[in-house]
Amino acid sequence: MRILYFAWLRERIGISSEEVETAAPTPAALVEELRAREPRYAAAFADTKAVRVAVDQEMRGWDADLAGAREVAFFPPMTGG
Amino acid sequence: MRILYFAWLRERIGISSEEVETAAPTPAALVEELRAREPRYAAAFADTKAVRVAVDQEMRGWDADLAGAREVAFFPPMTGG
Amino acid sequence: MAIEVRVQREPFDPAALLPAGDGAAGAAVLFAGQVRADDGLSEMEIEHWPGVTEERLRLFAAEAAERFGLLRACIVHRHGPLRPGETIMAVACTAPHRRAAFDGAAFLMDWLKSRAPFWKKERGPWGERWVEAAPEDEDALGRW
Amino acid sequence: MAIEVRVQREPFDPAALLPAGDGAAGAAVLFAGQVRADDGLSEMEIEHWPGVTEERLRLFAAEAAERFGLLRACIVHRHGPLRPGETIMAVACTAPHRRAAFDGAAFLMDWLKSRAPFWKKERGPWGERWVEAAPEDEDALGRW
């Protein structure tokens with residue numbers, strides 16, 4: 001599965017995207033896996049209330065079904081314009 | 001007193017302004033005097049619901065006090081923009 | 001706070017009313033009104049009340065600037081004959097944030113439509129007719 | 001109904017988004033957002049999600065066109081580094097009448113602020129910081 005990071009999540013984790021092997025059923029479970037990997041992930045996902053999720057480019061909740069998903073993106077609330 | 005006419009009032013009466021000698025106490029009374037003068041005034045002021053009044057360049061009602069007024073303007077509702 | 005009002009016979013470029021960014025205005029809203037060719041309209045003629053028109057527009061602009069905290073309010077309105085597609089008038093407002101700039105421009109348009117001494121006559125295949133005031137333009141003032 | 005969306009690094013002239021009058025559009029509204037020099041800000045950097053951003057903006061523009069009966073909706077948004085006074089983005093809408101053009105532009109701005117994948121970082125005497133989403137921007141969506 002491809003994972004994308006934007007804005008301060010990208011900065012804290014140090015990469016903008018990566019491919020991971022995971023069977024996480026939800027974004028919440030996926031974040032738990034990432035947090036356990038390295039401190040920089042734990043730091044980036046310390047407060048998930050400030051993080052939004054898109055699954056295959058659609059905004060989704062933390063308990064969305066990741067079965068069949070090819071891409072998950074994590075980012076702070078958008079601030080365009 | 002100076003009287004101004006705009007838009008279709010100007011067209012129907014045939015002039016854009018004139019000086020009149022009048023002691024009319026209100027715009028309503030002034031219009032009665034004008035109506036009595038000539039058919040073109042009677043035609044222009046046939047329906048005063050479609051006419052607005054400004055006294056010394058301020059929007060006023062038909063029973064406004066004309067004492068001391070130097071200028072009265074008659075026109076249809078404004079349609080700018 | 002800067003106010004600029006022009007009532008003129010000559011064509012003008014509405015885009016020229018957009019100011020260069022100055023680091024204070026985060027938002028600029030420009031409205032341009034153009035002559036529509038409805039019902040085969042061939043010409044529109046705008047009459048106004050010289051002197052009084054400018055004074056009213058300056059009052060509206062000052063009121064909008066005060067009310068919405070505008071940094072700049074600019075109104076240009078043409079009179080005389082205009083063809084379909086030509087720009088009749090334009091309003092430009094700048095403010096620190098977008099809501100004020102939008103509200104300033106919409107407020108100015110609503111007031112200008114029913115309270116500035118302009119009258120429009122249309123010419124077309126049907127001859128000529130004076131444009132009547134629209135009840136919704138009067139109603140629009142109610143929201144301010 | 002025409003829709004145009006551009007996301008680009010290069011500066012652009014917002015005034016160029018105003019279309020020439022075509023006899024159908026009676027009203028054109030142009031919004032331009034500019035970098036404010038608040039708190040001594042020296043640079044803003046805009047990150048976005050290539051591909052997805054454009055797709056979202058096209059969706060918003062199509063929704064606005066449908067909802068308000070716009071004749072044309074155009075959005076240009078920059079990414080990369082910007083200086084105070086520079087134009088970040090602009091939205092232009094045309095419609096037969098003014099209310100639709102105003103509503104179309106305000107709707108696009110509100111959606112773009114909170115639902116298009118852009119993130120802003122500011123640099124200044126205090127170092128650098130990511131701009132946090134404003135609760136009032138989220139609230140603004142409620143009115144549509």
Side-chain angles (χ1 to χ4, degrees), chain A residues 1-20 22 26-28 30-31 34-35 39-66 68-81, chain D residues 5 7 14 31-36 44-60 75-79 82 87-91 105-122 127-141:
Chain A
M1 184 181 290
R2 183 175 178 79
I3 312 193
L4 306 180
Y5 308 102
F6 291 99
W8 52 259
L9 278 147
R10 173 182 55 71
E11 287 184 338
R12 287 186 200 170
I13 294 168
I15 51 174
S16 57
S17 73
E18 61 183 324
E19 290 289 336
V20 300
T22 178
T26 64
L30 176 58
V31 162
L34 294 168
R35 266 202 198 110
R40 58 192 170 117
Y41 289 95
F45 288 108
D47 177 15
T48 52
K49 280 200 298 295
V51 177
R52 300 290 177 268
V53 186
V55 178
D56 289 334
Q57 308 190 347
E58 294 296 331
M59 298 292 294
R60 292 284 182 261
W62 287 101
D63 55 355
D65 185 1
L66 289 189
R70 286 160 302 163
E71 182 190 271
V72 176
F74 296 105
F75 42 83
M78 299 155 173
T79 53
Chain D
V5 164
V7 180
F31 176 92
Q34 296 161 335
V35 182
R36 287 191 313 279
M44 172 170 282
E45 175 129 17
I46 297 175
E47 178 172 338
H48 78 122
W49 189 351
V52 176
T53 314
E54 289 85 342
E55 187 200 296
R56 286 306 134 91
L57 297 184
R58 269 191 293 267
L59 276 176
F60 300 160
I75 307 174
V76 180
H77 203 299
R78 291 182 64 188
H79 60 93
L82 291 106
T87 297
I88 307 171
M89 49 75 57
V91 155
F107 172 95
L108 285 177
M109 286 308 303
D110 284 348
W111 280 85
L112 204 150
K113 276 269 169 186
S114 335
R115 292 291 186 274
F118 289 107
W119 298 274
K120 295 195 280 204
K121 181 196 257 183
E122 298 175 336
E128 59 177 48
R129 63 188 178 206
W130 288 94
V131 176
E132 285 187 45
E136 62 265 31
D137 283 336
E138 190 62 32
D139 296 345
L141 293 179

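As the structure is a computational prediction, the values presented were derived from the model and not from experiment. Chain A is the first sequence line, chain B the second, and so forth, proteins listed ahead of strands; every chain is numbered from 1.
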Closest-packed option against chain A by number of heavy-atom pairs under 4.5 Å, given [options]:
options                               : result
D/Glu138, D/His77, D/Met109, D/Lys113 : D/Lys113
D/Met89, D/Glu45, D/Arg115, D/Arg56   : D/Arg56
D/Thr53, D/Leu112, D/Asp137           : D/Leu112

Closest contact, heavy atoms only, A/Gly80 versus D/Phe118: CA-CB, 3.5 Å
Indicate the atoms forming the closest heavy-atom contact of D/Ala133 with A/Met78, along with that distance. CB-O, 4.1 Å
Chain A contact via [X] - side chain, backbone, both or neither, heavy atoms under 4.5 Å:
X        : result
D/His79  : neither
D/Ile46  : neither
D/Lys121 : side chain
D/Glu132 : backbone
D/Arg78  : neither
D/Glu128 : side chain

What's the spacing between D/Trp130 CH2 and A/Thr79 OG1 if we round to 0.5 Å? 8.0 Å
Measuring from atom CD of D/Glu55 to atom CD of A/Gln57, what distance do you get when rounded to the nearest 0.5 angstrom? 6.0 Å
Students often mix this up, so state it plainly: with edges at 30° and 60°, are the rings of A/Phe6 and D/Trp119 parallel, tilted or perpendicular? parallel
Side chain, backbone, both or neither: which part of A/Ala50 has an atom under 4.5 Å from a heavy atom of chain D? neither
Which atoms of A/Arg52 come close to chain D, meaning under 4.5 Å heavy atom to heavy atom: side chain ones, backbone ones, both, or neither? neither
